[in-house]
Every structure is written in structure tokens, then in C-alpha cells.
Amino acid sequence: VSVAWQFYISTVLIYLGVDVIACWGLNLQFGVAGLVNFAFIVFQAAGAYTASVLTLGPAKPARLGGFQQYVGGANWPFPLPILMAGLVGGLLAAVVGGFAIRRLRSDYEAMVMLVVSLIATSVATNQVGLVNGPNGLALVPKPLATLVSLSPVGYQWLFVGITAAACIFVYWLVHVVTSSPLGRTLRAVRDNEQAAAALGKNVTGLRMLAFILGGVIAGISGAILVEFISAWSPGSWLYPETFVYFTAVIVGGSGNNLGVMVGALLVPVAFLEATRFLPQFGPPGLIDALQWIVVGVLALLFLWFWPRGVIPERRRRFPSSVRADAKRSLMLTRTGR
Amino acid sequence: MNTLMPAIGFGIVTASILAVAGVGFTLQFGVTNILKFLIPIVAVAVLGGIGQPYGAMLGAVVIGLASELAAAVISPDYKDVVAFVILVIVLLARPQGILSEIATRKEVAA
């Protein structure tokens, strides 16, 4: 395999890893807990900004050759900025969830999320001192680049390894959550909020928990993305980006971690990468514009014809012996034993 | 079938009204960047109270004045942010809108 192809394949693999992590986070919120988070990209962006500010070092004033201004620059060693990005994503989710999902019906909640996304973009663009405004942050140092002496291609593969490790960690996290009694309760809240509340489940607390966990995962995905592409600006997290992730989750099979992984492979990666190899036609930028249309049409088609996705969520069945046991123990408690 | 025909009818009427609004906007400003107006329009409808024509008019006045005054007082960059923040606050504090009698609080807030 030639060096150019190795570059291309490793880059696509890293993008795939980032998208898979982000889709798992969104799936935890949307697929498992039923939260329509149209502000998902904001949490990814928060993680990305955190990681880049924490690796860029303190901001230099313009007279010393500094060309970007931001708050709270630091020079942390490699894994810490990514972990901190997860923490910031979770904190932001706690703040947003604190006012948005505490008391609103789900369609109004979705609208508030969309508006939060627009407000965040506007603030990050106009408040230039915060994260360098519309120009964004650039020249973020790559992790471990000064410690290891590798060829550019070798470093690419090292980064694929870092991304894969993050994928494995996040998969472990979402698997533990979704396959535990907690995941079962979250699905119960999603399917029938009133019934879950009647059984004494803290519906708001559970939804907040899923929202914050999703925010943490989104922050981690943004951090890995920015450490790789080493630049981040408001243009890279406009609100339509959220809908690409939503399409991926819906196409893959919302509620199913493996299905969502397939969705991330199909929609943001395979689908958008394949257009690179199309011959150019029409005015420049036409293919890019058509991508958005086709992603939207894809989401509509799947919602209409195949709402459960490519790999549907497993229908949970409980063996009759378990049910009989439960019944017996229930009767025993009733009779006072 | 009972609900489909009125739904289509309302769709046609809404689209016609919006088309008139779009023509007016384009005649006045000469550009068609309606996308920026989608969320403020929703803000206006929610602020006035969904299903309330006079509420929508009042909401349009309030949102329009608030965002233009914000442009004068704070900075023109935060015009949209002010409209969005008003939308969020209204959704949280008075989800039935300022003039609504139909929608009750219970329907909107969980």
C-alpha cells in the first residue's frame, strides 16, 4: 500500500472512530433515554475547545506574535486534555439539562435544544476573546508528537491506535450502562414515562444522568477530533452537523450500540467519503450542497420505511421461569412470608 | 381521512401566507436569506401563544423590538441571541404564551 493511501485510510479510520464515539453518546441520549438533543454538536464543540485550549498553552499577546486569543490556556500532557474535555462536556450537559429537560415536554425540549445550539454558535462567534471568535483555534499541538520520533505515516497509525483505545473505553462505558438495570430503567422511561414514574423511578434524574453521560462522551469525541485535525472554529459545528449524527443513529438502529456503530460507518463516513470519488459536475460546491439534501432524505426514508434501522434494537424477552420466580416471590411477600 | 384533508388545507394556507411574507421580505431587502428567520418566527409564535393570531402579532412586536433594542444597547451581534433567549425563557416560564387561553400549562410542561 502506497504512503498516500495509508494516509487516506488512517485518516478515514480516525474520522470513523470519532463519529462512532459521538454516535454512541447520542444514542445513549436519543436511542436509550429518548432525549431529542438537537444541541448535541455543542457538547462535542465544548470538548474540542477545551482540549485545544489545554494543549495550546497560555495565550500570547499579539505583540509577542500571538495571533489567537482565548481564556484559560494551559499546557497539559497528552491524556489529560481529553479527559478534561469529557468533564467539561458533562458539566455543560448538566447546565443545559438543568433548565431544558427538567420541566418541558419532549417537542418543546427539542426546540430549546436547537435554540441552545444557535445561541452557542452565536456566542462563540461574537465573543472573540473566548475562543478566538469566527477564526477559531488553530495549530493545536498533536499529542505525543514531541515524545515519539515517528514518520508522518507512523504517527497517523499511532493516532489510529489512540482513537481505537478511546472507542474501546467508550464502548465499554455505553455497554455497561445499556446492559445494566440502569439501561433497562432508562428504556422504560423512554417507552412510558408515566408508568416508570408510577413505579417510583426518578424520571428526571434518570434522564439527566443519560444526558450528562452523553455530554461526556460527546466531549471526548470532540477532543480526539481536534487533537487530530488541530484546528476548530464555529464553522465546524453549525447546527446541521447534529442532524448528520441523528441520521446515523436512525439509519443504524437507535437504541442498539452495534447498530449505531454501523450507522456511523454508513452515514458520516462511507456516504460522505464516497462523494470524494465522484466526478465533479455542475457548479463548484454543488456536491457538498447535495450531501445535506441526501442526508436529510435518507433520514426521512428510514423514518418512514425502516424506523428501527439497519440493526434494530433487540426486543427484550424474559424467560418464563424468571417470570414465574418473580410471581412466586411476589405472592410470598403478599402472604407475609 | 378525517384529519388528512384539513391538514393539507392548513398546509396550503400556511404556505401561501409564508409566500406573501417572503415576497414582501425580498422586495424590501433584495436578498433571500430566510433561513435566519426560521427560529425567530417560531419564537414569535410561541411567545404570543400557539393558536392565537393576536398573540402572534403581539409576539412579533415584542421580539422585534427586543432584538432591535438589544442591537442598539448591547451589540448588533447579539440581536439573534436576545430573540433566542426570550424564546427559551418564555418556554420555561410561561409555555402557554402571553395571550393564550387554549393551551394550558399542563399540556406543555411535563
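Letters go in sequence order (proteins before strands), and every chain restarts at 1.
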*Set of ring pair (Phe, Tyr, Trp, His ring centres under 6.0 Å) partners for A:F246, sequence neighbours left out*: A:F30, A:F38
*In Å, rounded to the nearest 0.5 Å, how long is the span from CZ of B:F84 to CG of A:L118?*
4.5 Å
*In Å, rounded to the nearest 0.5 Å, how long is the span from CD of A:Q127 to OH of B:Y78?*
3.5 Å
_Between A:V203 and chain B, with a heavy-atom cut-off of 4.5 Å, which part of the residue counts as in contact: side chain, backbone, both or neither?_
neither
*Answer with side chain, backbone, both or neither: which region of A:E109 has an atom nearer than 4.5 Å to a non-hydrogen atom of chain B?*
neither
*Can you name the side chain to side chain contact (heavy atoms under 4.5 Å, CB included) partners of A:I293, sequence neighbours left out?*
A:L290, A:V297
